[in-house]
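Note sheet for the following structure.
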Number of protein chains: 2
Amino acid sequence: MSEASVATLAAPVDSGRAWEVVLRRIEADLVSGVLRPGDHLPGERALAAELGVGRSSVREALRALEVLGLIRTQSGSGPQSGAIIVARPSGGMAVLVRLQVAAHGFAVTDVVKTRQVLESAVVAELATSASPDLSAAIELLDAMDAPPAAGSDAALDRAPDAAALSRDEFLTLDQAFHLALAVASGNEVIASVMGGLRDSVEHYVRVGAESLPSWAAMADRLRAEHRAIVAAIEARDADLARTRIHEHIDRYHAETIAAFAPIAPSAAPPD
Amino acid sequence: MSEASVATLAAPVDSGRAWEVVLRRIEADLVSGVLRPGDHLPGERALAAELGVGRSSVREALRALEVLGLIRTQSGSGPQSGAIIVARPSGGMAVLVRLQVAAHGFAVTDVVKTRQVLESAVVAELATSASPDLSAAIELLDAMDAPPAAGSDAALDRAPDAAALSRDEFLTLDQAFHLALAVASGNEVIASVMGGLRDSVEHYVRVGAESLPSWAAMADRLRAEHRAIVAAIEARDADLARTRIHEHIDRYHAETIAAFAPIAPSAAPPD
DNA sequence: TCAGACCATGTGGTCCGACCACAGTAGCAG
DNA sequence: CTGCTACTGTGGTCGGACCACATGGTCTGA
């Protein structure tokens, strides 16, 4: 069975493209348990020889798996090199959603509405959960509050000016907070989809944030709303948590995206 | 213009792998509106020359886009050949989730839960909508009822009298019904995500359906539940609609997926 | 003996050239 | 005008070649 030099010998079922053969094989190994998260895939050359296809085809399949977030590749040698089955799903869904939004020009309002639906469910789930672990989310909130003089070693290199965090830093933490809630709810699927949706409108959010009359005021309100959401969860008030995060997202996008109204590609690339 | 062999001319920023450059470029064209659904991408050779990368790298990027369900490729010549931006967002999400499930990245229960969240929101939205257009969904329900005592060549070894539709036919219509509800709610993003999630567990559903003691009974119950959901929407009872579709999905998967695969409760790890 | 430089090895990343199968299309022959 | 054929362009595949990189062993000098 190691004789795989000629396709006619080892491939009774061709089933279309060569890279699909590779993909199918890897999926089969995944399902059967031969391959597990953390395992190394055989080298590209070995895989090609084993399956009787060219290395190019193997690479195309590997590329597909990589964008799906299933594997991670690394050049060089050593235990970290090669293609490794990724344990935690991350990124793939985000890329997918972002590209589909880009391709279909899905209305931003629909994306926002979907976020509301998902995040409402997340906080409601957390509020009705026995002992939700909000520590990660709360840590992020603390980081968003943190004045640079707080002694946190993470703020060592940051200039201790009046504005504690830049817009980008704040928005990154904000994104992480929302994601942390989803993760805390234990549903990786929702977390992944949420991440993708957020990514897909990220550009609009950041541009919109630039044109706010007062970013500091906005940040303050967001901080307060975040705390209120967590408080509602901790108070086991699912309905209140739903309402608060719904309005939180509503206002957030109303004041950023709507700020520069038409989504029209204003182009104007700086360079 | 054809001599763009040197990357320094057209690529001031290298940004890692060559195929990522291609991916980024296509995404940018998608976002900016240069590329729209239905459009043809430039040929692989042309794209390679334009971006100053090898054709292999272009192909890897195209492969990524293809598994993501963003493009469709076709050999030969003519208007249908080449890489075309796909109009309907279908397949990509299904592949992603299926593989992640296979790699133990996603729990099937999480996929099901996410469906419940999204579909509950959909029916609630429809129930509170002024004049929801359920005609498409109802047509599908009628088709599921339809007893085409003959003609259905798919019912080869099935009892031709009692079982009107084969399992596959029924499940296809079922999928279409759920999707029709999402489309009727007007949120394409939710519809797209829902479709992908449903597709991704389709395999498990079909296998599970094989082992049911009585498919006819199951089909009857599903039909009744579908009608009940529509009735709740038409009665403008959002809460009832939510409850009904939630339980509908619950039972559906409880009797199929759980039938052959003991799924560990995600929220309650044994400890 | 030990530390550092050095090279052999194996990995993915990339490019290139070649060939194939396929599907239209233009052109020719009838 | 009709029908067939050859051409053209597309993606699909393959094999080889080279690169950059990281590791691990070996060699050399102090």
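Chain letters run A, B, ... following the sequence lines, proteins first and then strands; every chain starts at 1. Just so you know, these numbers use all the heavy atoms, side chains as well, and skip hydrogens, waters and symmetry mates. Computed from a predicted model, the values in this text were never measured in an experiment.
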| Nucleotide of C:dT11, C:dG12, D:dG12 approaching A:E44 most closely (side-chain heavy atoms) | C:dG12
| task | Rounded to the nearest angstrom, tell me the gap between atom CH2 in A:W19 and atom C1' in D:dG12. | result | 11 Å
| remark: dist B:F106:CZ -> A:N187:CG (nearest 0.5 Å) comes out at 9.0 Å
| said: Counting only side-chain nitrogens and oxygens, does A:R45 get under 4.0 Å of the OP1 or OP2 atom of D:dG15? | reply: no
| remark: From the candidates C:dC16, D:dT13, D:dA22, the one with an atom nearest any side-chain atom of B:S56 is C:dC16
| task | Report the C-alpha separation of A:R167 and A:D174 in whole Å, then their side-chain angles, then the decisive distance to 0.1 Å, and conclude whether the salt bridge (Lys or Arg N to Asp or Glu O under 4.0 Å) test is met. | result | CA-CA 10 Å; A:R167 284 173 172 79; A:D174 179 277; over 6 Å; no
| task | Give the rounded distance in Å between these two atoms: CD1 of A:I84 and C1' of D:dA22. | result | 13 Å
| So does A:R59 get a side-chain nitrogen or oxygen closer than 4.0 Å to the phosphate oxygens (OP1/OP2) of C:dG12? | no
| said: Less than 4.5 Å apart, side chain to side chain, heavy atoms only: is that true for A:L96 and B:L70? | reply: no
| Counting only distance, no hydrogens or angles, is the base of C:dG13 paired donor-acceptor with the side chain of A:R55 under 3.5 Å? | yes
| said: Contact list please: residues 65-75 of chain A against DNA chain C, heavy atoms, distance less than 4.0 Å, in numerical order. | reply: A:T73, A:Q74, A:S75
| said: Without decimals, in angstroms, what is the distance between A:L41 CG and C:dT11 P? | reply: 13 Å
| query | Quick one: A:L62 CG to C:dG13 C1', roughly how many Å, whole number? | reply | 12 Å
| side chain to side chain donor-acceptor pair (under 3.5 Å) partners of B:E66, counting only residues at least two apart | A:R17, B:R63, B:T73
| said: Regarding A:E119 and A:H178, do their side chains bring together a donor and an acceptor under 3.5 Å, going by distance alone? | reply: yes
| Can you tell me how far P of C:dG13 sits from CD of A:E60, to the nearest Å? | 14 Å
| On DNA chain C, nearest-nucleotide positions of B:Q80 versus B:S57: which is more 5'? | B:S57
| query | Is it true that A:R98 and B:E27 have a side-chain N and a carboxylate O under 4.0 angstrom from each other? | reply | yes
| message | Do the side chains of B:R115 and B:D110 get close enough for a salt bridge, i.e. N-O under 4.0 angstrom? | response | no
| Mapping B:G76 and B:V58 to their closest nucleotides on DNA chain C, which lands nearer the 5' end? | B:V58
| field | Atom-pair distance (CG on B:L47; P on D:dG12), nearest Å | value | 14 Å
| request: Find the distance A:H40:NE2 to C:dT11:P and express it as a whole number of Å. | output: 11 Å
| query | Which listed nucleotide (D:dG11, C:dG13, C:dG10) is nearest to the side chain of A:S77? | reply | C:dG10
